[in-house]
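Scroll down for the structure; my scribbles are underneath it.
These numbers were taken from a predicted model, which means no experiment stands behind them.
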Amino acid sequence: MSSELLVWINGELVPKSQAKVSVFDHGFLYGDGVFEGIRAYNGKVFMLDEHIDRLYESAKSICLVIPLEKEQMKKAILQTLKVNGLLNAYIRVVVSRGEGDLGLDPRKCLKPNIVIITDKIELFPDELYERGIEIVTVSVRRNSPQSLNPNLKSLNYLNNILAKIEATNAGKPEGLMLTLDGYVAEGTGENIFIVKRKELFTPPAYMGILKGITRQVVIELAKEMGYPTNETVLTLHDVYNADECFLTGTGAEIVPVVKVDGRIIGDGFPGTVTKSLIQRFRVYTQQVGVPIE
Ligand code: PXG
């Protein structure tokens with residue numbers, strides 16, 4: 001028996017080395033498709049319904065009809081985790097427009113390709129969560145909702161990739177993206193929060209950000225823990241003068257930020273509110289979710 005990971009492609013489980021789609025797929029040719037990044041903790045898929053809903057909303061928005069009911073998609077994800085024996089995992093669901101000709105016209109693509117990849121989760125080093133990270137504002141702006149809505153999780157991630165390149169060129173692990181107007185938007189694959197006098201602030205979804213699922217979980221946990229939470233327009237001035245700052249995302253979970261553009265945030269260490277949210281989030285992810293079995 002092979003120890004190779006199995007990838008779900010259009011209803012079949014295929015060994016990783018043979019998991020392929022056509023070069024004529026418009027996902028490859030044009031970034032025409034949608035995706036989701038999901039995590040499983042302790043044998044349970046975290047926020048599965050929310051991720052599935054977002055995937056289908058992204059697809060609807062680009063007129064891509066996913067040839068699978070939501071329930072079937074969920075079953076396929078759970079099945080893929082099960083055959084790969086994964087209890088803690090990163091799950092990538094991709095739905096591309098499918099094979100077409102060399103023109104843009106999606107009507108030529110008759111069948112979307114659905115791919116579910118499950119793999120071991122690569123955790124960031126613990127040190128990063130204990131010490132916090134330094135981020136920089138990048139010059140590339142978050143694309144405007146009028147051109148390509150950031151709520152649409154499409155295969156076209158160049159906006160974020162360019163921002164990531166800029167941050168890493170500056171020697172920093174993450175970049176802070178602004179809106180066209182210069183307001184704080186989000187990280188390249190994470191949402192941003194600041195804490196001031198034990199109150200949380202995060203940019204509202206209408207600013208042109210991805211409405212992160214981790215962001216929503218954090219908002220709810222914070223409310224439960226008695227921290228008032230506000231979705232408000234934020235400037236860099238607000239961030240520089242925050243008591244605490246952190247990023248949220250499926251991959252990153254909650255990462256403390258201790259320096260932004262050379263300005264030390266608070267006392268330069270992960271703050272008490274951030275640390276308590278990290279702790280609460282870790283417990284929560286172990287408890288809730290859709291069981292793989
Ligand atoms: N903003 C953007 C632009 C994102 O792509 C988030 C925020 C956080 O959203 P969630 O729902 O994950 O809390 C994302 C997340 C990864 C990864 O490995 C995540 C994303 C894209 C690519 C990789 O965590 N999107």
Side-chain angles (χ1 to χ4, degrees), residues 124 127-142 145 150-151 159-160 163-164 166-167 170 172-282 284-285:
F124 290 109
E127 191 205 58
L128 196 140
Y129 295 88
E130 279 149 26
R131 291 224 313 250
I133 62 166
E134 183 179 347
I135 63 173
V136 282
T137 305
V138 295
S139 69
V140 59
R141 296 296 170 96
R142 193 69 176 102
N151 259 318
N159 184 215
N160 312 61
K164 187 80 176 180
E166 209 177 311
K172 305 293 180 270
E174 193 46 76
L176 176 56
M177 302 182 81
L178 306 179
T179 64
L180 286 183
D181 293 333
Y183 294 106
V184 172
E186 59 183 334
T188 65
E190 301 88 17
N191 293 110
I192 186 166
F193 284 77
I194 60 169
V195 181
K196 186 95 172 170
R197 293 181 203 94
K198 310 279 177 217
E199 237 178 275
L200 267 63
F201 298 85
T202 193
Y206 66 75
M207 289 300 285
I209 57 167
L210 181 79
K211 220 186 290 167
I213 289 166
T214 319
R215 171 184 178 276
Q216 196 52 42
V217 170
V218 165
I219 290 173
E220 279 157 28
L221 293 179
K223 274 187 194 146
E224 254 178 55
M225 293 164 78
Y227 301 124
T229 304
N230 312 275
E231 296 182 46
T232 43
V233 176
L234 294 176
T235 63
L236 278 175
H237 177 80
D238 298 324
V239 175
Y240 298 155
N241 290 289
D243 298 331
E244 305 179 25
C245 178
F246 60 86
L247 304 176
T248 65
T250 296
E253 300 181 316
I254 302 173
V255 195
V257 173
V258 292
K259 212 187 235 189
V260 181
D261 298 334
R263 278 79 160 177
I264 291 170
I265 305 301
D267 61 4
F269 295 95
T272 52
V273 175
T274 307
K275 285 197 287 194
S276 66
L277 282 166
I278 292 175
Q279 223 172 19
R280 179 73 190 96
F281 182 80
R282 289 199 172 148
Y284 190 64
T285 52

For [X], I'd like to know if atom [atom1] has over 12 heavy atoms of other residues, nucleotides or ligands within 6.0 Å.
{"X": "Leu128", "atom1": "CG", "answer": "yes"}
{"X": "Lys196", "atom1": "NZ", "answer": "yes"}
{"X": "Glu199", "atom1": "CD", "answer": "yes"}

Taking all atoms of both residues into account, what is the closest heavy-atom pair of [X] and [Y], and its distance?
{"X": "Gly208", "Y": "Pro145", "answer": "CA-CG, 3.7 Å"}
{"X": "Met177", "Y": "Val138", "answer": "CG-CG2, 4.0 Å"}
{"X": "Thr202", "Y": "Ile192", "answer": "OG1-O, 2.5 Å"}
{"X": "Glu134", "Y": "Pro173", "answer": "O-CD, 3.2 Å"}
{"X": "Pro203", "Y": "Ile209", "answer": "O-CD1, 3.5 Å"}
{"X": "Ala163", "Y": "Thr188", "answer": "CB-CG2, 3.6 Å"}

Are any non-hydrogen side-chain atoms of [X] and [Y] less than 4.5 angstrom apart?
{"X": "Tyr227", "Y": "Leu221", "value": "no"}
{"X": "Lys172", "Y": "Ile135", "value": "no"}
{"X": "Val136", "Y": "Asp261", "value": "yes"}
{"X": "Val184", "Y": "Asp238", "value": "no"}
{"X": "Tyr129", "Y": "Val255", "value": "yes"}
{"X": "Arg263", "Y": "Asn241", "value": "no"}
{"X": "Ile219", "Y": "Gln216", "value": "yes"}
{"X": "Thr272", "Y": "Val195", "value": "no"}

- prompt: Any side-chain donor-acceptor pair under 3.5 Å between Glu253 and Thr214?
  reply: no
Working to the nearest 0.5 Å, report the span between [atom1] of [X] and [atom2] of [Y].
{"X": "Leu210", "Y": "Asn160", "atom1": "CG", "atom2": "CG", "result": "9.0 Å"}
{"X": "Leu247", "Y": "Glu190", "atom1": "CG", "atom2": "CD", "result": "5.5 Å"}
{"X": "Asn230", "Y": "Leu200", "atom1": "CG", "atom2": "CG", "result": "8.0 Å"}
{"X": "Thr235", "Y": "Asp181", "atom1": "OG1", "atom2": "CG", "result": "13.0 Å"}
{"X": "Ile278", "Y": "Ile254", "atom1": "CD1", "atom2": "CD1", "result": "6.0 Å"}
{"X": "Glu231", "Y": "Met207", "atom1": "CD", "atom2": "CE", "result": "12.0 Å"}

task: Let me see the working for Leu236 and Leu178 under side-chain contact (heavy atoms from CB on, under 4.5 Å), right down to the final yes or no.
output: CA-CA 9 Å; Leu236 278 175; Leu178 306 179; 4.1 Å; yes
- request: Would you please test Tyr240 and Ile194 for side-chain contact (heavy atoms from CB on, under 4.5 Å) and show each step?
  value: CA-CA 9 Å; Tyr240 298 155; Ile194 60 169; over 6 Å; no
task: Apply salt bridge (charged side-chain N to carboxylate O under 4.0 Å, His left out) to Glu244 and Lys275, showing your working.
output: CA-CA 10 Å; Glu244 305 179 25; Lys275 285 197 287 194; over 6 Å; no
message: Looking at Arg141, is its backbone amide N or carbonyl O close enough to the side chain of Asn159 to form a donor-acceptor pair, meaning the two atoms are under 3.5 Å apart?
response: yes
- prompt: Within the distance-only criterion (no hydrogens, no angle test), does the side chain of Asp243 pair as donor or acceptor with the backbone N or O of Lys198 below 3.5 angstrom?
  reply: no
- prompt: Where do Arg215 and Glu186 land on the salt bridge (charged side-chain N to carboxylate O under 4.0 Å, His left out) test, with the steps shown first?
  reply: CA-CA 11 Å; Arg215 171 184 178 276; Glu186 59 183 334; over 6 Å; no
